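Structure record follows, encoded as structure tokens.
Because the structure is predicted, anything quoted here is derived from the model rather than measured.
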Amino acid sequence: MAATGLIGAGLMGTACARRLLRAGFEVVAYDVDGAKRAAIAGLGAAVVSSVAEVAARCEMIVLAVFNTNQVEQVIEGEGGVLDAMSSEPASRTLVCTSTCDPDRLAVLDARIRPRGALLLEVPISGTSRQVAEGDGVGLVGGDRADMERAAPVLDAICPRRYYLGSVGNGSRAKLAVNLILGLNRAAIAEGLVFAERLGLDRCAFLDVARGSAAYSQVMDIKGPLMARREFSNPQSRVDQSLKDFRLMLEQARAAGQGLPFAAVYAQMLEDCVQHGEGEWDNAAITEAIQRCRTG
């Protein structure tokens, strides 16, 4: 089985690596952070010292970096994928799992495709733990032929997935899904804080909520973290959620659509970041809500 590249060894990149390694793929990985390189090497990935080395060795490369700027830099920047392709001219299929600006991603695809870099966007719905367990849902945008070529890799990373058409549509769907998820987290957090303020035990009330008509899957995943106030071992971080909500609000403004609840949620995430909680699990939205006092 040919080696698969991985650029970015954060929460999502590590989850993708676990899936690929478990499926029998050789994974050639790079991250700018030495500690993350060491951690992913411990899982069994072959770690290299640059993006160019990944691109030189692998024709299928998973991108799991933080944002659109980093995706563009990894592909088009000095020492990036396109630079490596100047001496290794075979085409590369780039599977982008990052949640990106959909318009910029579509323009990027148009720029790089004539040079043999085939972009397939596959943002994945689910926490890093869900992805590692095979429960992530891929939202695929791109050419169908590229999706079929990448099928073995996609089967390993996200067995469940939806094809949404051209590049950009995957990110549009991911932003809309994350909007719903974020507001669901906010509702659970506010309910837990409210119940506690009224004198109820958070953990006991969470059990009641999970057995009620208010139940959602998010209660199972984030509810215990909120109830126990355990945020230091994140499955998905506050700063990542804030990045996504900023993107949502930008896209909504461009479309002429107000998102009043999303705007409030983004403000609460900003509050978490201002209090040094940006790298905590995004269940920490409870902390921002708890800081809201009437007097």
Side-chain angles (χ1 to χ4, degrees), residues 8 10-15 33 35-36 64-70 98-101 123-131 171 174-198 200-203 205-206 209 214 216-253 258-295:
L11 293 173
M12 188 58 69
T14 299
D33 186 324
K36 291 178 180 176
V65 295
F66 184 70
N67 59 19
T68 315
N69 288 342
Q70 291 184 9
S98 308
T99 303
C100 292
D101 180 314
I124 305 173
S125 179
T127 66
S128 57
R129 180 176 297 174
Q130 287 177 297
V131 173
S171 292
K174 177 68 183 297
L175 291 173
V177 167
N178 279 6
L179 171 58
I180 296 167
L181 276 172
L183 297 184
N184 200 329
R185 284 193 299 271
I188 295 166
E190 190 162 326
L192 288 173
V193 170
F194 177 55
E196 184 177 59
R197 196 68 73 198
L198 295 182
L200 300 176
D201 177 80
R202 268 199 204 189
C203 292
F205 175 73
L206 176 62
S216 73
Q217 186 187 62
V218 180
M219 288 185 184
D220 296 335
I221 297 165
K222 298 293 182 176
L225 302 182
M226 294 177 178
R228 298 193 296 263
R229 300 178 75 177
E230 295 176 354
F231 312 120
S232 61
N233 186 24
Q235 301 175 37
S236 44
R237 294 185 340 211
V238 166
D239 56 2
Q240 292 170 324
S241 292
L242 179 56
K243 179 262 294 184
D244 290 353
F245 268 78
R246 286 171 175 166
L247 260 179
M248 292 169 203
L249 294 170
E250 289 171 9
Q251 289 286 305
R253 279 193 293 271
L259 299 177
F261 297 138
V264 171
Y265 187 65
Q267 291 172 6
M268 304 301 286
L269 292 171
E270 295 276 11
D271 179 81
C272 288
V273 171
Q274 290 166 10
H275 282 82
E277 300 158 0
E279 295 187 359
W280 290 9
D281 191 278
N282 57 19
I285 191 68
T286 52
E287 302 303 287
I289 291 169
Q290 192 150 20
R291 285 189 285 268
C292 295
R293 299 296 188 96
T294 58

(request) For K243 and S98, test the side chains for any donor-to-acceptor distance below 3.5 angstrom and give the result as yes or no. (result)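 S98 and K243 do not have a side-chain donor-acceptor pair below 3.5 Å.
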(message) Less than 3.5 Å apart, any donor N or O on the side chain of K222 or N184 sitting next to an acceptor on the other?
(response) no
State, to 0.1 Å, how close [X] and [Y] come at their nearest heavy-atom pair, and which atoms those are.
| X | Y | value |
| --- | --- | --- |
| D281 | V238 | O-CG2, 3.6 Å |
| S216 | I188 | OG-CD1, 3.8 Å |
| M248 | L179 | CE-N, 3.3 Å |
| S171 | C100 | CB-O, 3.4 Å |
| L259 | A252 | CD1-CB, 3.5 Å |
| I289 | A186 | CD1-O, 3.8 Å |

Of all residues at least two apart in sequence or in a different chain, which pass the salt bridge (charged side-chain N to carboxylate O under 4.0 Å, His left out) check with [X]?
| X | result |
| --- | --- |
| K174 | none |
| R246 | E270 |
| E190 | none |
| D101 | none |

Roughly how far, to the nearest 0.5 Å, is [atom2] of [Y] from [atom1] of [X]?
| X | Y | atom1 | atom2 | answer |
| --- | --- | --- | --- | --- |
| L247 | L175 | CG | CG | 5.5 Å |
| C292 | D271 | SG | CG | 7.0 Å |
| E196 | T286 | CD | OG1 | 9.5 Å |
| R197 | Q290 | CZ | CD | 5.5 Å |
| L206 | L225 | CG | CG | 10.0 Å |

(message) Any carboxylate oxygen within less than 4.0 angstrom of a Lys/Arg side-chain nitrogen, looking at R291 and E277?
(response)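 Between E277 and R291 there is a salt bridge, with a charged N closer than 4.0 Å to a carboxylate O.
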(request) Start with the C-alpha gap between N282 and Q240, add the side-chain angles, then the distance that decides, and say whether side-chain contact (heavy atoms from CB on, under 4.5 Å) holds. (result) CA-CA 8 Å; N282 57 19; Q240 292 170 324; over 6 Å; no
(request) Give the C-alpha distance, both sets of side-chain angles, the deciding distance and a yes or no for side-chain contact (heavy atoms from CB on, under 4.5 Å) between I285 and M226. (result) CA-CA 8 Å; I285 191 68; M226 294 177 178; 4.0 Å; yes
[X] atom [atom1], over 12 foreign heavy atoms within 6.0 Å:
| X | atom1 | value |
| --- | --- | --- |
| E279 | CD | no |
| E230 | CD | yes |
| R129 | CZ | no |

(request) Using side-chain hydrogen bond (donor to acceptor under 3.5 Å, both in side chains) as the criterion, list what pairs up with S128, not counting sequence neighbours. (result) none
(message) Measuring only between side-chain heavy atoms, which start at C-beta, is R202 closer than 4.5 Å to V193?
(response) yes
(request) May I have all residue pairs that pass ring pair (Phe, Tyr, Trp, His ring centres under 6.0 Å) and include part of residues 272-295, sequence neighbours excluded? (result)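 Every pair satisfying ring pair (Phe, Tyr, Trp, His ring centres under 6.0 Å) with a residue in residues 272-295: F231-W280.
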(message) Run the side-chain contact (heavy atoms from CB on, under 4.5 Å) test on Q235 and Q130 for me, step by step, so that the C-alpha distance in whole Å, both residues' side-chain angles and the decisive distance to 0.1 Å come before the verdict.
(response) CA-CA 9 Å; Q235 301 175 37; Q130 287 177 297; 5.6 Å; no
